[in-house]
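As the structure lists them, so they are numbered: ligands from 1, and atoms in each ligand from 1.
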Amino acid sequence: MNQAPINVPPAWHRIGKHEMAPEASHDEIARFNFLSNLNKHLATVISPGNRVAYDKRVRPRFIREKGRDFQNRREVREAMLKDPHFQTWSALRRSAMEMRQQAGRSLVLRQAKELAQKAARLNEGKDTLQLNPNLVIPPYIAKVDNHLMPGSYHTELFEGDVSAAANYDMGLFVTTGGALGRFNDGGGKAISQWLLSHHPEFKPKRILDIGCGLGHNVLPIAQAYPDAEVIAIDVGAPMLRYGHARAQAMGVTNVKFIQMDGQFTGFPDESFDWIQTTMFLHETSGKSIYAIMKEIYRMLKPGGVTMHIEQPQYTPEMDLYEQFIRDWDAFYNNEPFWSKMHDIDVVELMMQAGFKAEHVFQTGVRAVNDNEDHTKPRTPEPEDHGRAAVWNVFGAWKK
Ligand SMILES: C[S@@+](CC[C@H](N)C(=O)[O-])C[C@H]1O[C@@H](n2cnc3c(N)ncnc32)[C@H](O)[C@@H]1O
């Protein structure tokens with residue numbers, strides 16, 4: 001008998017472990033595995049029902065009552081909010097996000113001191129970690145618990161704390177169902193493979209990654225270009241402390257982690273060949289995204305490239321239901337800039353920074369996932385909107 005393969009996310013033991021990773025007990029692992037499966041179930045079994053509710057109930061009713069179709073995603077949202085299937089899925093998804101934070105936080109907080117000591121040991125005496133305790137945290141980070149993460153990326157519970165980063169590192173496989181690979185680095189692998197194969201002649205000597213977080217996606221870039229000097233910046237000290245220690249533990253030593261604001265870095269003009277951001281711009285703000293892009297243009301050498309990995313933009317061609325469901329994170333997952341960022345005309349954004357329209361490009365990349373068995377055909381599955389490991393990349397060459 002031909003049975004459809006059971007599509008479950010990889011279990012905890014499949015996650016890549018490194019020396020900085022927190023210890024997890026049997027019950028903690030069971031909780032993570034449950035949450036990862038819950039997320040996958042919500043995405044693949046329950047969420048497609050939202051589309052059915054829209055097509056069969058919500059849209060026909062709207063057309064009947066108003067005598068016209070939806071004109072924008074706000075109207076779709078208002079109508080879908082009254083639908084019981086959407087209400088149930090949305091409440092469950094929100095609970096799954098809250099439980100994921102609780103699971104990650106309780107895991108790391110009970111061993112916060114040990115994790116800080118481990119990081120301090122791995123970081124000791126290295127000039128590749130530079131922190132700035134006087135850095136002003138941008139208000140859009142300081143005032144928001146981004147994606148329900150208490151204290152966001154920057155909060156330190158004590159001197160040398162890394163718990164925000166350890167929580168982020170361990171929980172990412174829950175929200176993505178392991179789709180980013182064993183070390184959550186599928187985006188960085190995909191973009192460096194894309195650049196190597198599409199522009200083999202391009203040999204960047206200095207690379208900058210802005211909003212590097214704990215470095216998930218900058219390490220594969222540094223590995224793909226081992227002779228390059230790679231600088232990774234972020235405003236959050238816990239991310240950089242943990243990220244630097246993790247990189248050392250993983251044997252990637254050509255990355256410098258520096259605490260800096262991407263809006264005003266102080267790097268000289270025309271000092272980088274490649275400036276990268278990965279899942280970063282949607283977490284900035286309406287003003288800072290323009291400031292960051294101008295700073296990128298200033299820092300980029302002529303002949304250099306900048307690329308930005310994000311979920312797809314809401315273009316006028318995108319179906320209104322698709323825009324609405326992709327917008328969930330803006331309303332229920334503390335992503336205040338999500339909607340606005342995905343509405344931006346990226347060509348306009350790049351042009352305002354100084355790039356020429358004809359040098360702006362867009363492409364798509366899919367995460368390189370070493371959790372998948374590449375000897376078997378990929379099982380088609382419904383997309384988890386806003387979480388998919390398939391991204392839009394926009395960028396520009398400076399010429
Ligand atoms: C979603 S995380 C990015 C993850 C990372 N790029 C990766 O690929 O794993 C966003 C990061 O951007 C940082 N960030 C936000 N605003 C920033 C700014 N103005 N300058 C530098 N980093 C910033 C946050 O502290 C956070 O670590």
Proximal ligand 1 atoms for [X], defined as those under 4.0 Å from one of its heavy atoms:
X: Tyr168; value: 1 (C), 2 (S), 4 (C)
X: His216; value: 9 (O)
X: Met260; value: 20 (N), 21 (C)
X: Asp261; value: 18 (C), 19 (N), 20 (N)
X: Met279; value: 1 (C), 3 (C)
X: Ile141; value: 15 (C)

Are Phe324 and Phe86 close enough, and set up right, to give a ring-ring contact (aromatic ring centres under 6.0 Å, His included), and what steps lead you there?
-> CA-CA 12 Å; Phe324 148 76; Phe86 174 76; 5.3 Å; yes
Quick one: which of Ile289, Ile210, Asp209 gives a side-chain contact (heavy atoms from CB on, under 4.5 Å) with Phe280?
-> Ile210
Is the cationic atom of Arg93 (NZ for Lys, CZ for Arg) positioned less than 6.0 Å from the six-membered ring centroid of Trp328 and within 45 degrees of its normal?
-> yes
Do Ile233 and Cys212 come within less than 4.5 Å of each other through their side chains, counting heavy atoms only?
-> no
Sub-3.5 Å donor-acceptor pair from the side chain of Glu98 to the main-chain atoms of Arg94, do we have one?
-> no
Step-by-step salt bridge (Lys or Arg N to Asp or Glu O under 4.0 Å) determination, Glu322 to Arg51 | CA-CA 9 Å; Glu322 180 88 7; Arg51 177 93 226 190; 5.1 Å; no
Nearest neighbour in protein (non-hydrogen) for [atom]:
atom: atom 12 (O) of ligand 1; result: Phe280 CD1, 3.3 Å
atom: atom 22 (N) of ligand 1; result: Val235 N, 3.4 Å
atom: atom 16 (N) of ligand 1; result: Tyr140 OH, 2.9 Å
atom: atom 3 (C) of ligand 1; result: Gly211 O, 3.4 Å
atom: atom 20 (N) of ligand 1; result: Gly262 N, 2.8 Å
atom: atom 7 (C) of ligand 1; result: Asn217 ND2, 3.4 Å
atom: atom 10 (C) of ligand 1; result: Glu283 OE1, 3.5 Å

If you measure every N/O of [X] against every N/O of ligand 1, is any gap under 3.5 Å?
X: Thr284; answer: no
X: Pro138; answer: no
X: Thr278; answer: yes
X: Tyr153; answer: no
X: His147; answer: no
X: Asp234; answer: yes

Check each heavy atom of [X] against ligand 1 and say whether those closer than 4.0 Å belong to the side chain, the backbone, both or neither.
X: Phe264; result: neither
X: His154; result: neither
X: Cys212; result: backbone

Do the ring centers of [X] and [Y] come within less than 6.0 Å of each other?
X: Phe361; Y: Phe355; value: no
X: Trp89; Y: His85; value: no
X: Phe202; Y: Trp397; value: yes

Evaluation steps, ring-ring contact (aromatic ring centres under 6.0 Å, His included), between His282 and Phe337 = CA-CA 6 Å; His282 70 272; Phe337 188 45; 8.8 Å; no
Run through Asp185, Asp169, Thr278 and flag the one making a side chain to side chain donor-acceptor pair (under 3.5 Å) with His216.
-> Asp169
Note: Val255 and Ala232 closest approach over all heavy atoms is CG1-CB, 3.9 Å
Could you verify whether a donor N or O on one side chain and an acceptor N or O on the other, from Asp234 and Tyr153, lie under 3.5 Å apart?
-> no
